[in-house]
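Everything below concerns the one structure shown next.
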Amino acid sequence: MSSDQDFFTLAAGRLTIEGRSRAGQETWFRVRELGAVLDIGRGADAAVGAPEIFVTHAHLDHALGIPFYAGQRRLQGMAGGRVFVPSEAADDFRALMRVHEKLEGVAYDIEIAGVAAGAVIARGPNQEVRVHAAPHRIAARAYEFVEVRHRLLPEFAGRGDLAALRRQGMRIEEPYRRSLLFYTGDTDRGILEGNEELFRAEVLLIECSFIADGHQERAARYRHIHFDDIAEFAERFENLAIVLTHFSRRYSRAEIRDQIRRRCPAVLRDRVRLALPEPFQIP
Ligand SMILES: [Zn+2]
Ligand SMILES: [Zn+2]
């Protein structure tokens with residue numbers, strides 16, 4: 001891992017995000033506090049032990065690692081493993097896994113689970129994942145991790161007989177939800193125009209493939225986000241941290257840092273982080 005120039009670990013709000021992300025090369029993230037791996041790149045070792053992988057779309061820089069994940073889990077004797085993918089791509093991923101099983105002469109144990117926009121994936125009693133549409137060149141999803149807590153209904157505040165009421169089956173609490181992380185995957189400015197939740201998650205992990213002048217048209221054509229798109233919506237972001245990911249390899253890491261420093265609207269300056277290693281972080 002030490003030879004990997006793009007590997008990073010960064011603190012964002014209550015979360016620690018590690019991974020690597022360059023457009024057309026590979027993108028994957030692991031968020032320990034959520035027990036979640038987002039995309040799987042070309043086959044990240046760090047993803048193998050995770051029981052669930054949230055793949056945004058089928059482009060190889062995000063999804064090539066799925067067969068590697070299945071094979072490594074089999075080799076290491078790990079049962080199960082579930083990979084979420086856009087529902088439109090699920091059958092083809094299953095067919096791909098069958099080809100790999102045939103090539104290797106083995107049977108994998110992982111499940112490919114197709115998800116549509118609007119789906120809610122339960123992850124234990126205190127977490128759920130909401131699936132969003134992400135406009136891109138192929139079917140793509142964004143994933144929002146939501147913490148589910150329970151609070152006392154106001155009419156029961158201060159009462160001393162709560163335990164008894166609870167025993168009687170009285171509903172004295174209500175659930176409330178807090179959005180911890182919104183991950184866009186690859187998408188274009190359409191997600192900024194059409195998704196409200198994105199602006200409210202504590203941490204926003206958002207693609208920003210293009211940053212330089214003259215690349216705005218290229219961003220639109222390839223269905224990616226340009227930093228100008230983010231700057232245009234600057235007043236809308238309520239997030240504690242906004243982590244920019246998926247930079248085009250046409251930019252050096254120093255160039256990315258310097259460009260973002262220069263272009264970043266004041267209202268975002270303290271909250272923007274880059275999915276790059278420490279010497280290229282801002283501020
Ligand atoms: Zn990509
Ligand atoms: Zn893509």
Side-chain angles (χ1 to χ4, degrees), residues 4-8 17-31 36-44 46-47 53-69 83-90 92-93 96 112 114-117 131-144 181-195 198 204-212 215-230 242-253 255-256 259-260 273-277:
D4 185 342
Q5 301 268 301
D6 280 319
F7 180 80
F8 70 88
I17 302 172
E18 62 181 355
R20 68 197 310 288
S21 179
R22 286 310 281 272
Q25 191 176 41
E26 71 168 343
T27 288
W28 63 268
F29 306 100
R30 178 163 65 163
V31 188
V37 171
L38 311 169
D39 283 326
I40 197 164
R42 295 184 290 196
I53 311 286
F54 295 84
V55 172
T56 55
H57 66 303
H59 280 152
L60 292 177
D61 52 325
H62 301 256
L64 182 66
I66 294 174
F68 182 79
Y69 170 75
V83 182
F84 296 100
V85 299
S87 43
E88 297 90 329
D92 286 337
F93 272 117
L96 178 69
I112 300 286
V115 285
V131 183
H132 297 266
H136 193 40
R137 275 169 294 152
I138 58 173
R141 298 290 113 89
Y143 294 107
E144 180 187 15
L181 174 71
F182 192 109
Y183 173 47
T184 66
D186 284 7
T187 190
D188 66 12
R189 60 175 280 129
I191 202 162
L192 295 162
E193 292 161 348
N195 192 301
L198 169 157
L204 172 61
L205 197 55
I206 185 168
E207 84 122 280
C208 181
S209 300
F210 294 96
I211 55 178
H215 291 166
Q216 288 87 350
E217 192 269 335
R218 187 180 295 269
R221 180 156 28 108
Y222 292 106
R223 313 294 304 270
H224 284 299
I225 290 175
H226 188 287
F227 187 73
D228 284 359
D229 299 319
I230 292 170
I242 301 158
V243 183
L244 308 182
T245 73
H246 202 265
F247 300 111
S248 165
R249 279 181 297 165
R250 74 189 62 230
Y251 314 123
S252 72
R253 287 169 291 167
E255 198 178 342
I256 295 163
Q259 283 265 5
I260 301 290
R273 302 276 181 282
L274 309 180
L276 291 176

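Numbering of ligands and ligand atoms starts at 1, following listing order.
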Main chain of Ser21, side chain of Thr245: is a donor-acceptor contact present, judged purely on distance under 3.5 Å?
no
Answer yes if the side chains of His215 and Tyr251 hold a donor-acceptor pair under 3.5 Å, and no otherwise.
yes
List in chain and number order the residues that pass salt bridge (Lys or Arg N to Asp or Glu O under 4.0 Å) with [X], two or more places apart in sequence or in another chain; answer none if no residue qualifies.
{"X": "Arg189", "result": "Glu193, Asp229, Glu232"}
{"X": "Arg20", "result": "Asp4, Asp6, Glu26"}
{"X": "Asp39", "result": "none"}

As a test of reading the structure, name the N/O/S atom of His136 that is nearest the Zn ion (ligand 2).
NE2
So how far is it from Trp28 CH2 to Phe7 CZ, rounded to the nearest 0.5 Å?
5.0 Å
List-wise, which protein N, O or S atoms are found short of 2.8 Å from the Zn ion (ligand 1)?
Asp61 OD2, His62 NE2, Asp186 OD2, His246 NE2
